[in-house]
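Since the structure comes first, as structure tokens, the remarks are kept for the end.
Because the structure is predicted, anything quoted here is derived from the model rather than measured. In what follows, every chain begins at residue 1, and chains take the letters A, B, ... in the order their sequences are listed.
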Amino acid sequence: MAGRRRTDELRDRVVLGEFGVRNVHTTDFPGNYPGYDDAWDQRRFEEAFRVDIVREEEGALEFDMVGIDAAIANAFRRILLAEVPTMAVEKVFVYNNTSIVQDEILAHRLGLIPIRADPRLFEYRNQGDEEGTEIDTLQFQLKIKCSRNPQAAKESSDPNELYFNHKVYSKHMTWVPLGNQTDLFPDADFRPVHDDILIALLRPGQEIDVLMHCVKGIGKDHAKFSPVATASYRLLPDITLLQPVEDEAAEMLQKCFSPGVIEIQNIKGKKVARVANARLDMFSREVFRHESLKNLVRLARVRNHYIFSVESTGILPPDVLVSEAIKILMGKCQRFLNELDSVPME
Amino acid sequence: HPDVEFCGYCITHPSESKINFRIQTRGALPAVEPFRKGLNDLMSVCQHVLNTFERSMKEYRAQRDEEMQ
């Protein structure tokens, strides 16, 4: 019995010891554990697998994936960061830039601005194609000139009063339709996601007149194409009290963990600690600093329960991003399978 | 897969995108077989994940709209 429990612990918990983490690798491949049938079984996977959405807010999504292997969860995370395509400014044609911001710095800043344009409506630009066609390019124009305000008070030093247009925001970028884009996208409104991104500061007499070409790209090429502010996951924490903890020890234990993790109940006059919600814990491992509490708790993580947190830059909603990432992984498998079938194997 | 003896990969040089992937099987099983099965299984896993995810999103949204009303 105890032996079976120990192997169960080995198989599905990653244990955090005082000086290191144990049981990190997945060891459940067929033949490794006698008495367990570990051969891949799609049906068993489907029964055990589930996805729970915890929270969805404006641009951020937190969801749980239970029953999946670490490699696949990591693959989703990496694809979300680097391989889901978006549209971003790639080429900047500078007609006039008399501002203090150098041309290349201005171009770099413009490239990092997220553009609200669904990348699935566009194609990738062909290699070596300098001009750009309607199906792969979005054109934006930024034309702004700063001038002095003649009605400003004599002694005022507030630039908002003294000058017109001295702050260049992303709302000053306007879409210039190419070719038949007005017919292709009749009710589309292509603009930067946020209107209040400060691009440059001007003074009277300075002007910026640039034309920008947006193309479709992936994060692997340049980080400006990454559609997520960040995408991360963590494993579900699992805290077990090996012995009952009472009174002062219970209070100390509660302080060692994040608020809400340990709750103290009053049983027959004595204060007893109980694990209320292990999910909230951030695992600072403060317990290991107290000699008396070290051996009373076992800190572990559940090996195949992933808490994903995806935050989008606003181009596409986060659930669409996750779906796209899964489809990209499928597309890669398919491409590989086609390659295998087409190359003759002897 | 119970007949696979060894399975591993290594990246020959980080600047080149080339991966050496090695599968060794027990017995007479041709090595391409587990590879192909693996890819197919991965496809079906992804498909299932996608379906489950979209279903959960729909349920979550339906439940949230109900609570709002």
More than 12 heavy atoms from other groups under 6.0 Å of [atom1] on [X]:
X: A:Glu339; atom1: CD; result: no
X: A:Glu47; atom1: CD; result: yes
X: B:Arg64; atom1: CZ; result: yes
X: A:Phe336; atom1: CZ; result: no

Residue selection (most heavy-atom pairs with chain B, distance under 4.5 Å) from A:Val322, A:Ile72, A:Ile68:
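Answer, by heavy-atom pair count under 4.5 Å with chain B: A:Val322.
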
Heavy-atom pairs under 4.5 Å with chain A are the metric here; pick the option from B:Arg61, B:Met43, B:His48 that has the most.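 Maximum pair count with chain A is reached by B:His48.
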
- Message: Is there a side-chain contact between B:Ser56 and A:Asp52 in this structure, where contact means two heavy atoms from C-beta onward sitting under 4.5 Å apart?
- Response: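 No, side chains not in contact.
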
With the side chain counted from C-beta on, respond yes when A:Ile53 and B:Phe53 share a heavy-atom pair under 4.5 Å apart, and no when they do not.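 A:Ile53 vs B:Phe53: side chains touch.
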
Check: Where on B:Arg55 is there a heavy atom nearer than 4.5 Å to chain A: the side chain, the backbone, both, or neither?
Finding: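 When you check distances to chain A, no heavy atom of B:Arg55 falls under 4.5 Å.
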
(request) Please state whether the side chain, the backbone, both or neither of B:Glu59 comes within less than 4.5 Å of a heavy atom of chain A. (result)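 Neither part.
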
Nearest-0.5 Å distance, [atom1] of residue [X] to [atom2] of residue [Y]:
X: A:Lys327; Y: B:Gln47; atom1: NZ; atom2: CD; result: 9.5 Å
X: B:Leu42; Y: A:Lys332; atom1: CG; atom2: NZ; result: 11.0 Å
X: A:Leu61; Y: B:Met57; atom1: CG; atom2: CE; result: 5.5 Å
X: B:Leu39; Y: A:Gln334; atom1: CG; atom2: CD; result: 9.5 Å

Mind listing the closest non-hydrogen atom pair of [X] and [Y] along with its distance?
X: A:Leu329; Y: B:Cys46; value: CD2-SG, 3.5 Å
X: A:Arg50; Y: B:Thr52; value: CA-CG2, 4.4 Å
X: B:Val49; Y: A:Phe45; value: CG2-CZ, 4.4 Å

Exercise. Given side-chain contact (heavy atoms from CB on, under 4.5 Å), test B:Leu50 with A:Met330 step by step and report yes or no.
Key: CA-CA 10 Å; B:Leu50 188 61; A:Met330 278 201 298; 4.0 Å; yes

Part of A:Val54 within contact of chain B (heavy atom distance under 4.5 Å):
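Looking at A:Val54, just its backbone touches chain B.
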
query: Yes or no on ring-ring contact (aromatic ring centres under 6.0 Å, His included) for A:Phe63 and B:Tyr60, after CA distance, side-chain angles and deciding distance?
result: CA-CA 11 Å; A:Phe63 66 97; B:Tyr60 175 81; over 10 Å; no

